[in-house]
2 protein chains.
Amino acid sequence: MKSPAELTELFRSRGLKVTPQRQCIFRVLYGNEAHPTAEVVYETAVAEMPTLSLKTVYQTLNDLADMGELHQLELGTGSARFDANLDAHHHLVCDRCGQVSDVYGDFPEIRTGAAREQGFRITRTEVVFRGLCENCQQAHASGAPDPEADLRYASDKMP
Amino acid sequence: MKSPAELTELFRSRGLKVTPQRQCIFRVLYGNEAHPTAEVVYETAVAEMPTLSLKTVYQTLNDLADMGELHQLELGTGSARFDANLDAHHHLVCDRCGQVSDVYGDFPEIRTGAAREQGFRITRTEVVFRGLCENCQQAHASGAPDPEADLRYASDKMP
DNA sequence: AGCTTATCTATAATCATTGTTGATTGACAA
DNA sequence: TTGTCAATCAACAATGATTATAGATAAGCT
């Protein structure tokens with residue numbers, strides 16, 4: 001995704017105002033590869049700017065997504081996740097903890113095989129791989145008692 | 001998906017009771033290729049059985065999904081959609097009206113290409129094609145004034 | 001610095017879904 | 001077929017994610 005400085009330019013050029021709140025959100029997102037939810041972005045940003053509201057986070061994330069500077073992912077993990085990585089890539093989703101990671105790989109056969117299917121005009125193709133991440137495989141193998149545990153889809157804080 | 005009679009057997013064999021409400025829901029789902037939301041299943045079923053509650057629909061859909069007799073899809077269209085088609089297939093989603101249709105096609109390269117990625121154990125691979133359906137392409141081309149119109153994600157009634 | 005207008009916070013509303021509860025109803029066995 | 005008990009029903013309330021409303025505030029241009 002673009003740097004905070006570039007996003008500042010972009011917002012100004014579109015007639016949108018650049019507020020400290022928005023800049024704080026830009027900083028949280030920049031280089032973030034954790035696919036955070038709006039809530040997680042809010043928690044991270046509020047540590048730096050305690051008066052920030054969740055609504056502002058939603059608004060800014062939606063603005064960025066509308067401009068194509070951020071991708072919104074709906075992966076069935078309860079809430080939308082935002083992806084600052086704009087390179088062509090796909091996703092790996094853990095069914096147990098909800099962790100999302102990136103998979104690089106171009107699959108030309110999907111595009112050629114399904115092109116112009118049923119009169120549709122296809123603009124994007126998303127591939128989602130689901131299963132268990134390394135940690136959750138171990139937890140499962142070592143007889144973790146409750147696979148429906150509360151940690152399922154626990155908020156994954158970013159580093 | 002299994003026929004209402006087979007589902008009746010299956011529920012009994014699992015110790016679940018087969019109520020008229022459940023049978024009504026089985027009938028609504030059988031052969032349904034419209035990927036209905038819970039709300040749409042409810043609206044269809046309630047026409048036949050006016051006392052049915054939405055909660056019962058959710059409960060039965062979840063029971064069927066837990067048994068693997070129905071797939072729950074999270075496609076970012078606002079609410080979960082239920083897919084009675086258990087054959088291996090993927091989905092085409094219209095960004096404008098939310099219509100979902102099936103795409104058959106086996107893409108071996110995505111399995112071989114991404115196998116055992118980053119320590120993950122992959123159990124399912126879903127491919128989602130997004131774009132505009134035939135109707136919405138026309139609406140867009142003919143200068144439909146409001147692409148954010150209310151008909152976006154309108155409930156798609158089934159035949 | 002002042003004006004205009006977008007944005008901010010806070011609060012409340014909405015939507016999809018799930019939990020709770022008392023009444024009702026299947027399935028099974030006698 | 002009828003009694004029994006657990007499962008299910010419907011109505012209501014609660015939850016979690018997201019969005020709308022409105023008055024106060026501040027960005028950006030002049």
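Chain letters run A, B, ... following the sequence lines, proteins first and then strands; every chain starts at 1. Owing to the predicted nature of the structure, the values given are computational and were not obtained by experimental measurement.
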Which of the following nucleotides, [options], is nearest to the side chain of [X]?
X: B:Leu16; options: C:dT9, D:dG28, D:dT8; value: D:dT8
X: A:Lys55; options: C:dT17, D:dC9, C:dT9; value: C:dT9
X: B:Asn62; options: D:dT18, C:dT17, C:dT18; value: C:dT18
X: B:Tyr58; options: C:dC8, D:dT8, C:dT18; value: C:dT18
X: B:Thr51; options: C:dT17, C:dT7, D:dA10; value: D:dA10
X: B:Ala80; options: C:dT17, D:dG28, D:dC9; value: C:dT17

Separation of [X] atom [atom1] from [N] atom [atom2], in whole Å?
X: B:Leu61; N: C:dT17; atom1: CG; atom2: P; answer: 10 Å
X: B:Tyr42; N: C:dA16; atom1: OH; atom2: P; answer: 14 Å
X: B:Gln59; N: D:dA10; atom1: CD; atom2: P; answer: 10 Å
X: A:Arg12; N: C:dT7; atom1: CZ; atom2: C1'; answer: 14 Å
X: A:Glu74; N: C:dA16; atom1: CD; atom2: P; answer: 14 Å
X: A:Leu52; N: C:dA10; atom1: CG; atom2: P; answer: 10 Å
X: A:Arg14; N: C:dT7; atom1: CZ; atom2: C1'; answer: 17 Å
X: A:Ile25; N: C:dT9; atom1: CD1; atom2: C1'; answer: 13 Å

Counting N and O atoms only, with roles assigned by atom type, does the side chain of A:Thr56 sit under 3.5 Å from a partner on the main chain of A:Arg22, one being a donor and the other an acceptor?
-> no
Counting only N and O atoms by type, is there a donor-acceptor contact under 3.5 Å from the side chain of A:His35 to the main-chain atoms of A:Val100?
->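 Pair found, side chain donor or acceptor close to backbone of A:Val100.
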Nearest-nucleotide comparison on DNA chain C, the residue closer to the 5′ end among A:Gly15 and B:Glu39 | A:Gly15
Could you walk me through whether B:His71 and B:Asn85 pass the side-chain hydrogen bond (donor to acceptor under 3.5 Å, both in side chains) check?
-> CA-CA 8 Å; B:His71 288 159; B:Asn85 179 357; over 6 Å; no
Decide yes or no, distance alone: a donor-acceptor N/O pair under 3.5 angstrom between the base of D:dA7 and the side-chain of B:Lys17.
->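 Between D:dA7 and B:Lys17, which were checked side chain against base, a qualifying N/O pair under 3.5 Å is absent.
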Would you mind classifying the nucleic acid contact of [X] as base, sugar-phosphate or nothing, using non-hydrogen atoms under 4.0 angstrom?
X: A:Ser53; value: base
X: A:Pro50; value: nothing
X: A:Thr56; value: base
X: A:Asp63; value: nothing

Give a yes or no on whether a salt bridge exists between A:Asp63 and A:Arg14, defined as a side-chain N under 4.0 angstrom from a carboxylate O.
->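 Result for this pair is no, no salt bridge flagged.
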Does A:Gln21 make a side-chain N or O approach to OP1 or OP2 of C:dT9 shorter than 4.0 Å?
->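 Checking A:Gln21 against C:dT9: at least one side-chain N or O falls below 4.0 Å of OP1 or OP2.
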side-chain contact (heavy atoms from CB on, under 4.5 Å) partner of A:Lys2, chosen from A:Met67, A:Glu69, A:Glu9 = A:Glu69
So which heavy atom on B:Gln72 is nearest to which on B:Ala80, and how close?
-> NE2-CB, 3.5 Å
